[in-house]
Amino acid sequence: MQARMKNPAMVLPGAMTAIQDLYKATYTGGVPQTTLELLHLRASQINGCSACVDAGAKSARKAGETDERLFAVAAWRESPYFSDAERAALALAESATRLADDLNGVPDEIWDAAAAHYTEEQLAAIVLMIGITNLFNRLNATTRQVAGAWG
């Protein structure tokens with residue numbers, strides 16, 4: 001496998017630094033790191049971004065996530081391993097990643113479920129993580145970045 005080009009964020013000066021600064025900010029919002037890592041992994045699975053699935057699983061494991069939950073995140077609805085708060089965040093991640101699937105974007109019931117578990121600051125971190133993940137997925141999938149090539 002070979003990438004079509006370098007990751008676009010690495011080509012334009014300052015782009016990766018800006019994205020990384022935003023990414024780091026998501027970890028200051030009070031959401032457990034493992035939850036944010038699971039959201040990144042799930043959105044990356046949906047988008048078919050092998051580079052982000054690979055990196056996301058490794059990052060989640062490094063943050064203390066268990067293999068059991070990593071293996072089950074694609075089927076989180078049918079799995080007993082996730083808390084109600086994590087389920088609400090995963091539903092939000094899926095809905096925000098699949099915006100085209102609903103004419104109204106993220107349905108109120110999905111938003112309300114997440115808002116019942118997280119503060120506004122935490123929701124901001126979750127939404128930013130979902131957005132950044134989708135940005136990376138689109139950059140990587142479009143240019144066919146190779147899983148594991150970034151270290």
Shortest non-hydrogen separation from L70 to A60 and the atoms involved:
CD2-CB, 3.6 Å

Do L38 and Y27 sit in one hydrophobic cluster, given that two such residues count as connected whenever their side-chain heavy atoms are within less than 4.5 Å of each other, even indirectly?
yes

Begin from the C-alpha positions of I130 and I126 and carry the test side chain to side chain contact (heavy atoms under 4.5 Å, CB included) through to its verdict.
CA-CA 6 Å; I130 296 164; I126 289 168; 3.8 Å; yes

Working note: R61 + E65, criterion salt bridge (charged side-chain N to carboxylate O under 4.0 Å, His left out); need CA distance, chi angles, decisive distance, verdict.
CA-CA 5 Å; R61 184 177 289 137; E65 195 51 81; over 6 Å; no

Nearest heavy-atom pair of A72 and S79: which atoms, and what distance?
CB-OG, 3.5 Å

Going only through I, L, V, M, F, W and Y residues with side-chain contacts under 4.5 Å, is there a path from L135 to M5?
no

Test side chain to side chain contact (heavy atoms under 4.5 Å, CB included) on F71 and T66; report intermediate values, then the result.
CA-CA 9 Å; F71 299 152; T66 65; over 6 Å; no

Tell me every residue that passes side chain to side chain contact (heavy atoms under 4.5 Å, CB included) with A141, counting only those two or more places apart in sequence or in another chain.
none

Would a distance-only check, ignoring hydrogens and angles, find a side-chain to backbone donor-acceptor pair under 3.5 Å from R144 to Q2?
no

Backbone N or O of G14 within a donor-acceptor pair of the T17 side chain at under 3.5 Å?
no

Would V31 and L39 satisfy side chain to side chain contact (heavy atoms under 4.5 Å, CB included), going step by step from the backbone distance to the final call?
CA-CA 11 Å; V31 178; L39 300 179; 5.7 Å; no

Quick one: CH2 on W76 to CG on L90, what's the gap to the nearest 0.5 Å?
6.0 Å

Salt bridge check, R77 against E94: does any charged N sit closer than 4.0 Å to a carboxylate O?
yes

Exercise: identify the closest heavy-atom pair between R87 and F82
NE-O, 3.1 Å

Look only at the side chain of T142 and the backbone of L139, and say whether a donor-acceptor pair between them is shorter than 3.5 Å.
no

For W111 and L123, what are the C-alpha separation, side-chain angles and deciding distance, and is it a side chain to side chain contact (heavy atoms under 4.5 Å, CB included)?
CA-CA 9 Å; W111 179 263; L123 286 168; 3.8 Å; yes

Would you say S59's side chain and A55's backbone share a donor-acceptor pair under 3.5 angstrom?
no

With sequence neighbours left out, write down each residue that passes side-chain hydrogen bond (donor to acceptor under 3.5 Å, both in side chains) with S83, or none if nothing qualifies.
E86

What heavy-atom pair brings P107 and G105 nearest, and what distance separates the two atoms?
CD-O, 3.3 Å

First locate atom CD of Q33, then atom NZ of K62, and finally report the distance between them rounded to the nearest 0.5 Å.
9.0 Å

Are D112 and E109 close enough that some pair of their side-chain heavy atoms sits under 4.5 Å apart?
no

To the nearest 0.5 Å, how far apart are CG in L22 and CD1 in I132?
3.5 Å

Identify whether L41 and Y81 are in the same connected component of the hydrophobic contact network (ILVMFWY, side-chain heavy atoms under 4.5 Å).
yes

Per the side-chain hydrogen bond (donor to acceptor under 3.5 Å, both in side chains) rule, what does the pair list look like for residues 114-138, sequence neighbours excluded?
H40-T133, S44-N137, N47-N134, N47-N137, T97-N134, T119-Q122, N134-R138

If every non-hydrogen atom of Q145 is compared with every non-hydrogen atom of A3, which pair is closest and at what distance?
NE2-CB, 3.7 Å

Minimum heavy-atom separation for T34 and G64, please, with both atom names.
CG2-C, 4.3 Å

Let me check something: do L99 and M129 share a hydrophobic cluster, defined by ILVMFWY side-chain heavy atoms less than 4.5 Å apart, either directly or through other members?
yes

Do I110 and I46 sit in the same hydrophobic cluster, where Ile, Leu, Val, Met, Phe, Trp and Tyr count as joined when their side-chain heavy atoms come under 4.5 Å apart?
no

